[in-house]
Undergrad: 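I have a structure here, written as structure tokens, and I will follow up with some questions on it.
Letters A, B, ... mirror the listed sequences (proteins, then strands); counts begin at 1. Given the structure is predicted, the values throughout are model-derived calculations rather than measurements.
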Amino acid sequence: MHKKFDNAEIEKKWQAKWQESGIHDVGLRDNSKEKEYVLVEWPYPSGNLHIGHWYAFAVPDIYVRYKRMMGKQVLYPIGFDAFGLPAENAAIKRNLDPKAWTNDNIAYMKTQLASMGNAFSWDKTCNSTDPEYYKWTQMMFTKFFDNGIAYRGKGVVNWCPGCNTVIANEQVLVDGTCERSGDVIEKREMPQWMLRITKYADRLIDDLDALNWPEHIKEAQRQWIGRSKGALIDFKLNATGANENDENSTIDRTISVFTTRPDTLYGATYLVLAPEHALVVQNEANIANWSEVASYIALTKQKAEQDRLDNTKEKTGVRLGGITATNPASGEEIPVYISDYVLASYGTGAIMAVPAHDERDNAFAKKFGIEIRNVISPFDFETKQHINWMTNVGEDSQKVLAEIHAGTRIYEYKGKLTNSGEFNGLDSEEVKEAIVKKVGGRMTSTYRLRDWSVGRQRYWGVPIPIVYDPEGKAHTVPKKHLPWLLPEDVDFKPTGIAPLAKSEALKKRTEEIFGQGWTPEVETMDTFVDSSWYFLRYLDNHNPNSLSTLETQKDWMPIDIYFGGAEHTTMHLLYSRFWQKALLDLELVSESEPYKRRINRGLILGPDGNKMSKSKGNVIDPDDHVKTVGADVVKMYLAFMGPYEGSNYPFDLGGIAGVRRFLERVYGLNEHIVEVEPKEITTLLHKTIAKVGKDIETFKFNTAISAMMILVNKAEKTGLTETSYDAFIRVIAPFAPHLSEEIWSNLGHKESVHMTKFPEADYNLLTDETITIGVQVNGKLRGTVNASPTATEQEITNLALTNKDIIRYAIPQSIRKVIYVPGRILNLIIGK
RNA sequence: GCGUGGGUGGCGAAAUUGGUAGACGCGUUAGUCUUAGGAACUAAUAGGGUAACCUGUGGAGGUUCAAGUCCUCUCCCACGCACCA
């Protein structure tokens, strides 16, 4: 029976009562309860909540409420990651104060968040733009600086010549132009504040093993860090031009390359340098075709890294005229090229190219007519055996082998060395170190991961707490001067110099504190810094003396479960893990890993199947739906759409009415209360309790809801006892917190339903009296039989053979074999 | 291009992890009730076929008594790729 309910009224009433009684606050530590720290990624206050925020916060709230009803003390905080580009852009565009814009947004979003009715721990909240928050961000930065983790390095940025400033990747259009000025963006190397995350690369990979994360997330992190083991090998450079014998020649006579395949050294028939490689510019005088080289370098600066690495595109490059290198193994003189498929940021920015055994080198060598020399053979000449995969090649293996030996087919695997002097016939894996030793190289690892560039030439961020003495040496701002406040007398319109450089107040403050001639750092921090430690501040958000005490951390850390978006898999998650480890080394935290468990939620797409974005105009505003159908319905519908951890769902409001109907039925179920209910209802109730609990633990809220629907459908027909209804309301309470509270109170309870215990399933009540078993004949389903769960194979077979659907296919005499899977299926095999 | 995930009815999905494919919900169709319905209730609903049956989980092969699930190859889609957060 449907019974309409006034969602607006119910929500208002209970939200007020919850707030008044403070039942969602965590309060002080309760030693009688186990702790559970549930973290959701804090939002950027962009202006208003969209449906993605609901998905991100309201659905995990089911888990939070369930855990509380299971007797845990649960921390479920929320805050705002409020520094960032959008505030600054809004400020530039509409001439607003970024601080006011941000604070207005936060205030509005807080009221919207309250309308969700989540069990947020509002007593533990924070905001990255609050000086009481960012003073700790600055304190940690100064510690990092003192310990060599933060340093002044060099990084590549997007430079817009039109705006005369650095611009974000986001502001670069696909064609490589600036979204604001339309100018072609140039890659420019500039001095940058960096954090030495690469020093932690091995720990970041190795510590993944112990984490209870989905394997795919761990793997994505491993790939992102990209550890590869190989060798550094020096090649001698020769200038064959006029300057060769010049004492004053600036030529650097060796170049170091990184390779994962030192075993192929004899096959290195040329070298390739990244166009940005320092040696190229330094050797201008030795390079015969300098103008050609220079124009190629200029062209490279306009290319995105992704395009440079695109293997489907034709390789380009320029040979350095007048320069050669000596292969340290074979002693041969080989040509040197520059090409954009080699990146300055990876390895040493230079490679030895082995075109017979590397696809990219092969494509390049073919285009430039360079010798391709086979040095690894998949054929063992001694034993006359093909090695591993060769035996599986569908083609004529003799032909394939001949092609490999002739250098007309690439072979990228291990094998036996050939054309490699004294190493011929040896195993490619075993010979690596010997070759490296012969040429005076060394084994090492390199990483795809680069140090984290944290400085930004922007206004709306945490000021980097560094000042420079009159000699230009950097010093940290002492702790007593923190927070090192963001000045407000700033014009942040882009003019080519950092906004903070225009602040008189900052300049004056610096001189007053440190003395004449001292100048402030004018860069602010990347916002990923703020979100690298916020979960620590939640724990101790009012503490003026510590970012978070070790005692508090020991209570709550590591985070039991971290819900977030897949887009943060590599960057945010890696940065914050690094931050935690860096803090551990400084003895500021108690744990080496911040997140015990991580779940990436699916992505809610716009109705058109694209990612929601304001520019595409496909953003769904949840407020209207909350008004018409209610917060419980919106929340439950989102939970019902599909598994939480999973794929992407185009948001379609069509189904929301079904959830509303369901809740109306739940509300009307009190009209079906009976003195005695059928046993099957009791069984079903206990099955539902067990299933809902299990599904919440595994974030399959969708099937939990479907199980509750099945129970309600049944109970409406047969009736249920008040005890059962009472239990069911507690089961649904985490999903529909407002309505369940209303029903609970109507049932005469004084205490909040959310303060009660989640029901326990009685395992004695879980077994059905009869089960249905599918009967197959030769693997095809031909009928079903009903039997007791304890029936034997013989009894089931006998039943099947009296069933006329089945007997048509399988007469007893024809049965050759019987396969019985208890409680599931019976397969009768007939025939010869 | 590289990395990660995914492809099952008209739609969102489920499938006890190798065992009755499509639970649950939306939508649709027919009927009931109603002054009325964009309400509620009842029934049907993967496709083909009058039926018996046959076909069916992106595609092609394979393993198995049995494949959405395992193996090989392949096509397509989404997300991330370091200054958006």
Undergrad: Under 4.0 Å between any heavy atoms, over every strand shown, what does A:Gln306 touch: base, sugar-phosphate, or nothing? Just pick one.
TA: base

Undergrad: Taking atom P in both B:rG56 and B:rA21, compute the distance separating them and give it to the nearest angstrom.
TA: 13 Å

Undergrad: Can you check whether any acceptor in the base of B:rC84 is under 3.5 Å from a donor in the side chain of A:Glu88, or vice versa?
TA: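 By the distance-only test, no, there is no pair.
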
Undergrad: Answer with base, sugar-phosphate or nothing: what part of the nucleic acid does A:Phe662 contact at a heavy-atom distance below 4.0 Å?
TA: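 The residue A:Phe662 makes no contact with any strand.
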
Undergrad: Considering only the P atoms, how many Å lie between B:rG61 and B:rC26, rounded to the nearest integer?
TA: 39 Å

Undergrad: Is the NZ atom of A:Lys301 crowded by more than 12 outside heavy atoms at less than 6.0 Å?
TA: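 No, NZ of A:Lys301 has 12 or fewer neighbouring heavy atoms, counting only those of other groups under 6.0 Å.
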
Undergrad: How is the base pairing of RNA chain B summarised as a dot-bracket string, given the Watson-Crick and G-U wobble criteria with both distances under 3.5 Å, [ ] for crossing and | for another strand?
TA: (((((((..(((......[....)))((((((.......))))))(((....)))..(((((..]....))))))))))))....

Undergrad: With P as the reference atom in both, quote the distance from B:rG6 to B:rC54 in angstrom, rounded to an integer.
TA: 34 Å

Undergrad: State whether the distance check finds a donor on one side and an acceptor on the other, under 3.5 Å, for side chain A:Arg824 versus base B:rU16.
TA: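 Between B:rU16 and A:Arg824, which were checked side chain against base, a qualifying N/O pair under 3.5 Å is present.
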
Undergrad: Check if the side chain of A:Asn827 and the base of B:rC65 share a donor-acceptor pair of N or O atoms closer than 3.5 Å.
TA: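 Side chain to base: pair present.
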
Undergrad: Strictly below 4.0 Å, N to O, side chains only: are A:Arg450 and A:Glu305 in salt-bridge contact?
TA: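 So A:Arg450 pairs with A:Glu305 through a salt bridge.
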
Undergrad: If you look at every strand shown and take non-hydrogen atoms under 4.0 Å, does A:Arg360 touch a base, only sugar-phosphate, or nothing?
TA: nothing

Undergrad: Can you check the A:Tyr637 OH to B:rC24 P distance for me, whole Å?
TA: 17 Å

Undergrad: Under 4.0 Å, heavy atoms only, any strand: does A:Lys187 hit a base, just the sugar-phosphate, or nothing?
TA: nothing

Undergrad: Side chain of A:Ile819, heavy atoms from C-beta onward: which of B:rC83, B:rC65, B:rG1 has the nearest atom to it?
TA: B:rC65

Undergrad: Could you check how far CD1 of A:Ile167 sits from P of B:rA82, rounded to whole Å?
TA: 13 Å

Undergrad: How long is the gap from NZ on A:Lys714 to CD on A:Glu680, to the nearest 0.5 Å?
TA: 5.5 Å

